[in-house]
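Naming: A, B, ... by sequence-line order, numbering from 1 per chain. All values below were derived from every heavy atom in this structure, side-chain atoms included, with hydrogens, water molecules and symmetry-related copies excluded. The shown structure was predicted, so the numbers you read here are calculated from the model rather than taken from an experiment.
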Protein chains: 2
Amino acid sequence: MSSADVKKLARAFSALANENRLKLFLNLLEESRLDLQKGRAHDCFLVKLLGNLSIGASTVSHHVKELEDAGLIETSRDGKNLICTIRPDTMRSLGDLFANVRPR
Amino acid sequence: MSSADVKKLARAFSALANENRLKLFLNLLEESRLDLQKGRAHDCFLVKLLGNLSIGASTVSHHVKELEDAGLIETSRDGKNLICTIRPDTMRSLGDLFANVRPR
DNA sequence: TCTACATTTTGACAATTATCGAAGTATTAG
DNA sequence: CTAATACTTCGATAATTGTCAAAATGTAGA
């Protein structure tokens with residue numbers, strides 16, 4: 001694994017290391033799975049995420065950008081609303097990392 | 001997912017968020033897979049890990065403890081040497097987290 | 001027991017990070 | 001155009017973290 005890859009990985013884990021940011025991400029993941037069941041696309045408004053945490057809007061905005069810069073999510077806009085979407089490619093590489101460890 | 005679970009998860013990601021600590025962990029993972037192929041038990045000495053990084057022994061010791069406290073590895077002793085072992089149970093729960101995301 | 005080796009603990013410091021509130025920007029509705 | 005809503009940027013601050021060097025501890029061998 002290249003040094004650049006390690007850097008990228010560390011960045012992703014760093015984004016998930018903060019409790020509030022992790023909660024945002026887990027919300028998105030759960031939403032993604034619910035929508036998967038219904039066969040719909042998954043997305044989540046910032047304002048909706050905000051409701052679940054006791055931190056300010058500006059802080060949430062920072063956190064979302066951090067998740068995005070780390071390659072964990074993508075964002076787009078629907079009018080005034082920010083839409084966050086999980087990046088399945090990144091999920092796959094993270095998942096692979098933890099696979100195939102010998103059970104004891 | 002309970003609040004305690006989220007805390008634990010964040011702790012694990014936090015442990016992997018530092019580049020040097022991540023390298024230690026990736027070394028252990030790789031070693032674990034090599035040994036898996038050979039059907040042997042896997043373990044790795046601290047002093048061996050140390051060689052690959054340009055940081056002091058005391059720092060590596062801190063990092064190892066951090067990985068252990070985060071539930072990612074277990075340690076034991078063989079004489080003077082510290083032996084580090086990947087925890088497959090934790091690997092499994094982390095792997096599950098990133099599974100089942102809809103591809104686009 | 002003395003010594004060398006492997007690791008750990010301690011104390012310090014610089015760098016990074018999480019968060020806030022206020023001001024700023026963009027978008028929509030009226 | 002104006003006001004309201006949703007988000008972003010800025011500047012500040014407190015808390016956390018990564019690293020080091022030095023001293024301490026534990027272990028094995030002579």
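At the phosphate of dT17(D), neither OP1 nor OP2 sits under 4.0 Å from any side-chain N or O atom of His63(B). Dashed line: the shortest gap from a side-chain N or O of Thr59(A) to OP1 or OP2 of dT19(C) is not under 4.0 Å. Residue Asn18(A) places none of its side-chain N or O atoms closer than 4.0 Å to OP1 or OP2 of dT17(C). Residue Asn20(B) places none of its side-chain N or O atoms closer than 4.0 Å to OP1 or OP2 of dG18(D). Of the side-chain N and O atoms in Lys80(B), none sit less than 4.0 angstrom from OP1 or OP2 of dA4(C).
Between Asp78(A) atom CG and dT5(D) atom C1' there is a gap of 14 Å when expressed in whole angstrom units. Distance Leu22(A) CG to dT17(C) P: 17 Å, rounded to the nearest Å. His62(A) has its NE2 atom 8 Å from the C1' atom of dT8(D), to the nearest Å. Whole-Å rounding puts the Ile55(A) CD1 to dT8(D) P distance at 13 Å. We find that CG of Leu16(A) is positioned 14 Å from P of dT17(C), with the value rounded to whole Å. Nucleotide dT19(D) holds its C1' atom 14 Å from the CG atom of Leu24(B), rounded to whole Å. Look at CG on Asn81(A): it is 11 Å from P on dA29(C), rounded to the nearest Å. In this structure, CZ of Arg11(A) is placed 8 Å from P of dT17(C), rounded to the nearest angstrom.
The main-chain N or O of His63(A) is never found under 3.5 Å from a side-chain atom of Arg21(A) such that the two would form a donor-acceptor pair. Not one N or O on the side chain of Asp78(A) forms a donor-acceptor pair closer than 3.5 Å with the backbone of Asn81(A).
Looking at Thr75(A) and Glu68(A), their side chains do bring a donor and an acceptor atom within 3.5 Å of each other. Between Asp96(A) and Ser93(A), the side chains place no donor N or O within less than 3.5 Å of an acceptor N or O (distance only, hydrogens not considered).
Comment: Arg11(B) does not engage Glu19(A) in a salt bridge, judged by the lack of any side-chain N to carboxylate O separation of less than 4.0 angstrom.
When each of Lys65(B) and Arg21(A) is assigned the nucleotide of DNA chain C bearing its nearest heavy atom, the one mapping closer to the 5' terminus is Lys65(B). Ranked by how close their nearest DNA chain C nucleotide is to the 5' end, Glu66(A) and Arg77(B) are led by Arg77(B).
Not a single donor-acceptor pair, N or O on each side, falls under 3.5 Å between the base of dA6(D) and the side chain of Ser61(A).
Residue Leu82(A) has its side chain nearest to dC7(D) when only dT9(C), dC7(D), dA18(C) are considered. Of all nucleotides listed (dT17(D), dC20(D), dG21(C)), dG21(C) comes nearest to the side chain of Ser58(A).
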